[in-house]
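Everything below concerns the one structure shown next.
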Number of protein chains: 2
Amino acid sequence: MDKNLTFKQRQVLEAIRRFQQENGYPPTMRELAELLGMASAAGVHKILLMLQEKGVLRRGEGGKSRSYHIVGDEAGESGGRTRACPIIGKVVAGMPELAVEEREGELYLDSDWVGQEDIFLLRVRGHSMIDADIRDGDLLVVQLTQSCRNGDIIIAMLDEEATVKRFYKEKDRVRLQPENQSMQPIYIPIDDPTFRIIGKVKGLLRRY
Amino acid sequence: MDKNLTFKQRQVLEAIRRFQQENGYPPTMRELAELLGMASAAGVHKILLMLQEKGVLRRGEGGKSRSYHIVGDEAGESGGRTRACPIIGKVVAGMPELAVEEREGELYLDSDWVGQEDIFLLRVRGHSMIDADIRDGDLLVVQLTQSCRNGDIIIAMLDEEATVKRFYKEKDRVRLQPENQSMQPIYIPIDDPTFRIIGKVKGLLRRY
DNA sequence: AAAAAAAGTGAACATTTGTTCAAAAAACAC
DNA sequence: GTGTTTTTTGAACAAATGTTCACTTTTTTT
């Protein structure tokens, strides 16, 4: 979850997490300074202030020592950190009511990475998106949504079949562009009832 | 799990747990005293010493503040289903001793997906692997290992700098092939001491 | 009941920890 | 380039925190 944090700020946040993980309690500013190879606690102090301004770090009232704790890392440690995401082998008409029968498994993914929206994982078949660097066998992180902008990669239903295409809205039609030079775009009249947007692609997982 | 603890001692232990749960960090002795309705920190001090003797409580060396943590309540470990994978901003010479200073964050990933080996995540800079459908900004799942086969995508150190290349062992040299038609392969004598393999690419994460 | 262990108090003290300040260097945006 | 933000340093200071001590009270054990 990037929140306009600078590299250094993220580094400090990470050092706190790591210290906490390792010792069971949060570090002091001087301990942080040493971990990060800095010479003075004052620098750390300033960075912590910024992290608080940006809302990613909390402290006890008044200058309590070691009273840092990272927003979002509450309680269950990995409790809220990860979520189970279903892997769908085949997209069928009934979406988005994800039928259990279509589930081919599930993966636990970091909430920071996939976000909080309603998502599922879809395995890519074929090479229609190769120019967008999406390969056969890749897993797509798909967010269930109707709203998408020009240029988004979307999952759409067309004649009872699901496809991955890049989306462009034109004057009175929708253009679905396969990212493969050897394939032709598909044009959909704006009012075609057989056409339906399932969601848009938010991420990608690949294994070698 | 009673270890000849007095009622009071168990009460103090419970207060620490509760405070930690509620605030995200451990209490001071005076805070404990107040929680327990005691007037002085000295009493708490004495009890904490006993808890340490009996091995149910740990503290940092020297009089570190708030450095208590209850043995057996280790929070981390994250159930085994997921593991925390560090994100490395820059690969430096000292690998694989991952320097804290280089950590830019971490992601929890499914153990089934990344496996049990020693791994980290590396952010791709540049377009040298575009023909392998790896893009600028992607996160690579890198397994720390020396052994790699022809055709593997590896992370290698060359002159204090890290690169992502495809690996081919030839007769008396190694060929590092950038997967970008506009770039030339690099040839390394088999005994070049400045050449070092960090690991190989096992997976890829991308966010749109 | 007597003895021993544990718990509690208040004050002083030593150390750790957070905070501020002025100044400079580095990174970043325009 | 210029100007702005961020990062860094060193020192001093204030506040929080842990520690010790002598002593009293309570609880537990014998």
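Every value quoted in this text rests on a predicted model; they were computed, and no experiment measured them. Order of the sequence lines sets the chain letters (A, B, ...), proteins ahead of strands, with each chain counted from 1.
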message: I'd like to know if B:Lys64 pairs up with A:Glu31 as an ion pair, taking the criterion as any Lys NZ or Arg NE/NH1/NH2 lying under 4.0 Å from an Asp or Glu carboxylate oxygen.
response: yes

- request: Specify the separation, in whole Å, of atom CZ of A:Arg30 and atom P of D:dG10.
  value: 13 Å

message: So if I take every side-chain heavy atom of B:Arg66 and compare against D:dT17, D:dT7, C:dG18, which nucleotide ends up nearest?
response: D:dT17

message: Within the 4.5 Å heavy-atom criterion, are A:His69 and B:Asn23 side-chain neighbours or not?
response: no

- request: Would you mind reading off the distance between A:Glu34 atom CD and C:dT16 atom C1', rounded to a whole angstrom?
  value: 14 Å

message: Do A:Met50 and A:Gln9 make a side-chain contact, defined as non-hydrogen atoms from C-beta onward lying under 4.5 Å apart?
response: yes

query: Does a side-chain heavy-atom distance below 4.5 Å link A:Leu176 with A:Val174?
result: yes

- prompt: In whole Å, what is the span from the CD atom of B:Gln9 to the C1' atom of D:dT28?
  reply: 13 Å

- request: Map A:Ala39 and B:Ser65 onto DNA chain D by nearest heavy atom, then report which one ends up closer to the 5' terminus.
  value: A:Ala39

message: Angle between the two end axes of the helix from C:dA1-D:dT30 to C:dC30-D:dG1, five base pairs per end, rounded to 10 degrees?
response: 60°

query: Quick one: is the NZ or CZ of B:Arg175 closer than 6.0 Å to the six-membered ring centre of B:Tyr168, and within 45° of its axis?
result: yes

- prompt: When the distance from CE of A:Met38 to P of C:dA24 is rounded to whole Å, what number comes out?
  reply: 19 Å

message: Measuring to OP1 and OP2 of D:dT19, would you say a side-chain N or O of B:Arg59 lies under 4.0 angstrom away?
response: yes

message: So, does A:His45 get its side chain near the phosphate of C:dT19, meaning an N or O under 4.0 Å from OP1 or OP2?
response: yes

query: So, is A:Lys8 close to the D:dT8 phosphate, meaning a side-chain N or O under 4.0 Å from OP1 or OP2?
result: yes

- prompt: With no angle test and no hydrogens, is the base of D:dG18 tied to the side chain of B:Lys64 by a donor-acceptor pair under 3.5 Å?
  reply: no

query: Can you check the A:Leu51 CG to D:dT6 P distance for me, whole Å?
result: 12 Å

message: In whole Å, I'd like the distance from the CG atom of B:Leu35 to the P atom of C:dG8.
response: 14 Å

task: Cation-pi check, B:Arg59 to B:Tyr68: give yes when NZ or CZ is under 6.0 Å from the six-membered ring centre and within 45° of the ring axis, no otherwise.
output: no

- line: Nearest heavy-atom approach of A:Val141 to A:Leu204 is CG2-N, 4.2 Å

task: Have a look at B:Ser40 and say if it touches a base, only the backbone sugar-phosphate, or nothing, with a 4.0 Å heavy-atom cut-off.
output: base

task: Report the nucleotide, chosen from C:dG8, C:dT19, D:dT20, that has the shortest atom-to-atom distance to any side-chain atom of B:Ile47.
output: C:dG8

- prompt: Whole-Å distance between C:dC28 C1' and A:Met50 CE?
  reply: 13 Å

message: Quick check on A:Glu117: does its CD atom have over 12 non-hydrogen neighbours (other residues, nucleotides or ligands) under 6.0 Å away?
response: yes

- prompt: In whole angstrom, what separates A:Leu32's CG from D:dT8's P?
  reply: 12 Å

- prompt: Below 4.0 angstrom from OP1 or OP2 of D:dT7, is there any side-chain N or O of A:Gln11?
  reply: no

- request: Ignoring the backbone of B:Thr28, work out which of C:dA22, D:dG18, C:dG18 is nearest its side chain.
  value: D:dG18

field: Residue-phosphate contact under 4.0 Å: A:Tyr68 side-chain N/O, C:dG18 OP1/OP2
entry: yes

query: When we call it a touch if two heavy atoms are under 4.0 Å apart, what does B:Lys46 touch: a base, just sugar-phosphate, or nothing?
result: base

